[in-house]
There are 2 protein chains.
Amino acid sequence: MALDEIDKKILRLLQEDAHYTLKDIANKINLSLTPVHDRVKRLEKDGIIEKYVTILDKKKLGNNLTVYCQVTLTKQTYDTSEGFNQSILNLPEVVECNYVSGNFDYMLKIIIPDMESYHHFHQKKLSVLPEVSLINTVFVISEVKSTTVLPI
Amino acid sequence: MALDEIDKKILRLLQEDAHYTLKDIANKINLSLTPVHDRVKRLEKDGIIEKYVTILDKKKLGNNLTVYCQVTLTKQTYDTSEGFNQSILNLPEVVECNYVSGNFDYMLKIIIPDMESYHHFHQKKLSVLPEVSLINTVFVISEVKSTTVLPI
DNA sequence: TTTCAAAACAGAATATTTTTCTGTAAAATT
DNA sequence: AATTTTACAGAAAAATATTCTGTTTTGAAA
């Protein structure tokens, strides 16, 4: 479970590019294939490595609008929260949803084609949820940084 | 550049798991290896597929705290923005940074070990930037959803 | 419609990569 | 000091990606 410096080097490389081969990694950290293979398998088994995914270009897929929705629920009960959570999991436009502290209850990140789609999403999918009381929308004007890389 | 239904099926699969083999994909969509291979290569070349990355378990890496920082700059000029942007790119704890509309200028997402680290980050790394005037912190209490999958 | 060129696909051969196997050296435990 | 465990190297085997050849389909132009 404890990560040594070699594990960390492997993780740093794989975070950057999941398509590095074992040979690539072995060369970069001066080891043979075997230890690299064994370590990656261990990191997968221990769940340190969660999954390998493909990142697509959202704009090339027609998603030109990103917004944060700050949502306040009607009640702060467990059942209300759970109902809201379940609904959110079924909305593919919602790529992040976090229960938060402060003047509202949830922070959502929405990725969507354009303002018209957002209007539809807001009116027909989000505000109609019985648990939702208030929605404050923050529009993203320009993306400065977006990474899946965690500091190790 | 235009995506047909087969391209979309491939992208949906690869978004889920970048380690699906061509054979896996070919089987799932009833095609031979060749067209799957050719299409993936085209999608990479066209930049629809941006990159393949590895997602790590942030908690198992000791990052138990996620926060949103709502940052207001001292001035809304181009130079101020650019200076801030550059500084942010060098902060590995900042995994998202967006210039936004509303009562503040930037929405940041920070992933960090604990409250003490956040205190340090806030005092020594963020508030010390000459462009920063105001920081409002929103703490994540519980993560409901977090995905790299875009709707296709 | 007919012809032609281009695109999409299948199957096989080849190259590369992953996985497994065997054995050795180093480290930790008893 | 002896023994077990862990980490590693190298080679063999299996699986996968890539390339090649040729066929079918599609779309455009005559």
Side-chain angles (χ1 to χ4, degrees), chain A residues 1-63 113 147-152, chain B residues 1-63 113 147-152:
Chain A
M1 186 73 194
L3 304 175
D4 65 13
E5 201 46 49
I6 297 177
D7 290 327
K8 291 179 185 176
K9 281 183 186 171
I10 293 174
L11 291 175
R12 283 191 207 108
L13 289 168
L14 285 177
Q15 277 198 113
E16 271 182 37
D17 186 351
H19 271 14
Y20 278 137
T21 65
L22 295 177
K23 200 171 152 191
D24 290 336
I25 298 171
N27 287 339
K28 283 176 193 285
I29 66 177
N30 290 315
L31 273 177
S32 69
L33 290 180
T34 312
V36 176
H37 179 265
D38 291 353
R39 282 166 181 270
V40 170
K41 288 303 152 192
R42 176 172 53 78
L43 293 165
E44 288 174 354
K45 184 181 142 290
D46 290 351
I48 311 268
I49 292 178
E50 213 171 272
K51 56 187 170 180
Y52 302 97
V53 304
T54 303
I55 304 295
L56 307 182
D57 186 315
K58 57 173 177 287
K59 292 199 174 169
K60 289 188 175 161
L61 289 173
N63 294 120
T147 182
T148 54
V149 174
L150 302 176
I152 297 179
Chain B
M1 186 71 195
L3 304 175
D4 64 13
E5 201 46 49
I6 297 177
D7 291 327
K8 291 179 185 176
K9 281 182 186 171
I10 293 174
L11 292 175
R12 281 193 277 262
L13 289 168
L14 285 178
Q15 277 198 114
E16 272 182 35
D17 187 350
H19 271 14
Y20 277 137
T21 65
L22 295 178
K23 200 172 154 192
D24 290 337
I25 298 172
N27 287 339
K28 284 175 192 285
I29 66 178
N30 290 317
L31 273 176
S32 69
L33 290 179
T34 313
V36 176
H37 180 263
D38 290 353
R39 282 167 182 270
V40 171
K41 288 301 152 193
R42 176 171 54 76
L43 292 166
E44 288 174 355
K45 186 181 139 290
D46 291 351
I48 312 268
I49 292 178
E50 215 170 88
K51 56 187 170 182
Y52 303 97
V53 304
T54 302
I55 304 295
L56 307 183
D57 185 316
K58 57 173 175 289
K59 291 200 175 169
K60 289 189 176 161
L61 289 173
N63 295 121
T147 183
T148 55
V149 174
L150 302 175
I152 298 181

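Letters A, B, ... are given to chains in the order of the sequence lines, protein chains preceding strands, and every chain is numbered from 1. Below, all heavy atoms of this structure are taken into account, side chains as well, without hydrogens, waters or symmetry copies.
T21(A) comes within contact range of the sugar-phosphate backbone alone, with a heavy-atom separation under 4.0 Å but no base atom that close. I25(A) comes within 4.0 angstrom of nothing in the nucleic acid, heavy atoms only.
Residue K23(B) has no polar side-chain atom (N or O) positioned under 4.0 Å from OP1 or OP2 of dA17(D).
L22(B) has its CG atom 12 Å from the P atom of dT19(D), to the nearest Å. The distance between atom OH of Y52(B) and atom C1' of dA17(D), rounded to the nearest whole Å, is 12 Å. Rounded to whole Å, atom P of dC8(D) lies 13 Å from atom CG of L33(A). When rounded to the nearest whole Å, the span between CG of L31(B) and C1' of dT24(D) equals 14 Å. Per the geometry, CZ belonging to R39(B) stands 18 Å off C1' belonging to dT18(D), to the nearest Å. Distance NE2 (H37(A)) to P (dA14(D)): 15 Å, rounded to an integer number of Å. If you take CG of N27(A) and C1' of dC8(D), they are 16 Å apart, rounded to a whole angstrom. Rounded to whole angstrom, the span from the NE2 atom of H19(B) across to the C1' atom of dA15(D) amounts to 14 Å.
Taken to the nearest 0.5 Å, the CG atom of L150(A) stands 5.0 Å off from the CD atom of Q15(A).
Contact record, T54(B) with L14(A): OG1-O, 2.8 Å, taken as the closest heavy-atom pair. Taking every heavy atom of both residues into account, L3(A) and K8(A) meet most closely at O-CE, 3.9 Å. In terms of heavy-atom proximity, D57(A) sits nearest to E50(B) at CA-OE2, 3.4 Å.
In terms of modelled atom types and a separation under 3.5 Å, the side chain of D7(B) and the main chain of D4(B) share a donor-acceptor contact. Side-chain atoms of K28(B) never come within 3.5 Å of backbone atoms of L13(B) as a donor-acceptor pair (strictly under, hydrogens ignored). No donor-acceptor pair under 3.5 Å is formed between the side chain of D38(A) and the backbone N or O of P35(A).
Residue pairs that meet the ring-ring contact (aromatic ring centres under 6.0 Å, His included) test with at least one member in residues 20-50 of chain B, sequence neighbours left out, do not exist here.
Five base pairs at each end of the helix from dT1(C)-dA30(D) to dT30(C)-dA1(D) define two local axes, and these are offset by 40° (rounded to 10°).
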Under the side-chain contact (heavy atoms from CB on, under 4.5 Å) rule, what do V53(B) and D17(A) come out as? Steps first, then yes or no, please. CA-CA 5 Å; V53(B) 304; D17(A) 186 351; over 6 Å; no
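For DNA chain C, the span of nucleotides reached by chain A at under 4.0 Å from its heavy atoms goes, 5' to 3', from dT17(C) to dT20(C).
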